[in-house]
Amino acid sequence: MDKSTIICRCEEISLEEIEKVISNGARTFDDIKRLTRCGMGPCQSKICNCLVAAAINEKTGTPFHEIPLPRMRMPISPIKLDTLATNSTTFSSVKSVLDEVELEDGKVR
Ligand code: FES
C-alpha cells in the first residue's frame, strides 16, 4: 500500500500517519485513535478498523488475534433523536425505516 493511502476515510488519516504513531509506540487501535482521531468519524471505525489492524500487524508482527478490538460507544447504529426522547424500547433500525414507508395498493409510494 502507498504511504499516502487514506486508511480512515472519515477523518482523512493516511497510512503514513498511522505508521508514524506505531513507530512511536502505539500498539492498539485505541492508542492510534487517541493520537490521530482515526476511528472517530461518523462510521465509528467500521471501515478503518481492519486496515489499522493490518498496519499494526505489518509494522509490529503482532498476530491479528492479539490486537485488541477498539472500544465502542452507544449507539452502535444511528437512531432517531425521537426514539431516544421517547425512551422507546421497541427500536430497531429496520423498523424505523419501514415506519416511514407508505404503501398504496401494496406498492411503495
Ligand atoms: S473510516 Fe475511520 S472512522 Fe470512519
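Excluded from the calculations below are hydrogen atoms, water molecules and symmetry mates; all remaining heavy atoms, backbone and side chain alike, are included. Just so you know, ligand 1 is whichever comes first in the structure, and atom 1 is the first atom listed for that ligand. No experiment lies behind these values; they were computed from the predicted model shown.
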(request) Treat each ILVMFWY residue as a node, draw an edge where side-chain heavy atoms are under 4.5 Å apart, and state whether M1 and I6 are in one component. (result) no
(request) Taking side chain to side chain contact (heavy atoms under 4.5 Å, CB included) as the test, write out the residues that go with K20, two or more places apart. (result) N24
(request) May I have the step-by-step check of side-chain contact (heavy atoms from CB on, under 4.5 Å) for N57 and T62, ending in yes or no? (result) CA-CA 5 Å; N57 170 267; T62 306; 5.8 Å; no
(message) Does either side chain, that of T28 or that of D30, offer a donor lying less than 3.5 Å from an acceptor on the other one?
(response) no
(request) Verify the cluster assignment for V21 and M40: are they in a single hydrophobic cluster under the rule of side-chain heavy atoms below 4.5 Å apart? (result) no
(request) Take atom 2 (Fe) of ligand 1 and tell me which protein N, O or S atoms are nearer than 2.8 Å. (result) C8 SG, C48 SG
(message) Between I47 and I32, is there shared hydrophobic-cluster membership here, with clusters defined by ILVMFWY side-chain heavy atoms closer than 4.5 Å?
(response) no
